[in-house]
Amino acid sequence: MSYEFYKVLHLLGLFMTFTGLTVILIAHWTKSESAEVTKPVRILGSATHGVGLVLTLVGGFGLAARLGLVTGLPTWIYIKLTLWLIAGGLLSAAKRKAKHGLAIYTVMLVIFTLGAWIAVNKPF
């Protein structure tokens, strides 16, 4: 596959991860009276977040392979993997600590911005 394919896959995964987290936060913030409405929304949000994480990981490693970084991964990739793990853990935080939703949302924005900065500048 081409570099461009993996880049689009990576970006799609990031979009899905962020969207899934946002859906979960909104579902928990609104706390609808009807559990029939909330449960499918939470399932959709969780599934979107999980699939997004997988696509982000596959796309990221595909990009690393296209850059020729197969044998020794630089430090900036390990930092991005750490950010990926934190992004995955934020779903659990969103479900358990919905009252801190704005802080969780802000952390996700910071993670994505930091990840983009690291990918563009490759400082380490």
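Model, not experiment: these values are computed from the prediction. Along the sequence shown, residues are numbered consecutively beginning with 1.
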Do I86 and L81 share a hydrophobic cluster (ILVMFWY, side-chain heavy atoms under 4.5 Å, transitive)? yes

Give the minimum heavy-atom separation between G59 and H10, together with the two atoms involved. C-ND1, 3.9 Å

Closest approach of S92 to R96 (non-hydrogen atoms, all atoms of both residues): OG-NH1, 2.5 Å

State yes or no: do L11 and L21 share one hydrophobic cluster built from I, L, V, M, F, W and Y residues joined by side-chain heavy-atom distances below 4.5 Å, directly or via other members? yes

With clusters defined by side-chain heavy atoms of hydrophobic residues (ILVMFWY) lying less than 4.5 Å apart, directly or transitively, does V120 cluster with W84? no

All N/O donor-acceptor pairs, side-chain side in residues 48-58, below 3.5 Å, sequence neighbours left out:
{"residue": "T48", "atom": "OG1", "partner": "L44", "partner atom": "O", "Å": "2.7"}
{"residue": "H49", "atom": "NE2", "partner": "A87", "partner atom": "O", "Å": "3.1"}
{"residue": "T56", "atom": "OG1", "partner": "G13", "partner atom": "O", "Å": "3.3"}
{"residue": "T56", "atom": "OG1", "partner": "L14", "partner atom": "N", "Å": "3.1"}
{"residue": "T56", "atom": "OG1", "partner": "G52", "partner atom": "O", "Å": "2.7"}

Establish whether L90 and I43 are linked, either directly or via other cluster members, by ILVMFWY side-chain heavy-atom contacts under 4.5 Å. no

Can you give me every donor-acceptor pair (side chain of residues 98-117, partner residue at least two apart or in another chain, under 3.5 Å) with its distance?
{"residue": "T106", "atom": "OG1", "partner": "L102", "partner atom": "O", "Å": "2.7"}
{"residue": "T113", "atom": "OG1", "partner": "L109", "partner atom": "O", "Å": "2.8"}

Please report the closest heavy-atom contact between I118 and W76, naming both atoms and the distance. CG2-CB, 3.5 Å

Side-chain heavy-atom pair F61, L73 within 4.5 angstrom cut-off: yes

Which heavy atom of R42 sits nearest a heavy atom of A27, and at what distance? CG-CB, 3.9 Å

Remaining members of the apolar cluster that contains I24, side-chain heavy atoms under 4.5 Å: L91

Under 4.5 Å between side-chain heavy atoms, counting indirect links through other Ile/Leu/Val/Met/Phe/Trp/Tyr residues: same cluster for I79 and I77 or not? yes

Can you tell me if NZ on K97 sees more than 12 non-hydrogen neighbours from other groups inside 6.0 Å? no

For residues R66 and M1, report the shortest heavy-atom separation together with the two atoms involved. NE-O, 2.6 Å

To the nearest 0.5 Å, atom CG of L63 lies from atom CD of E4 at 9.5 Å

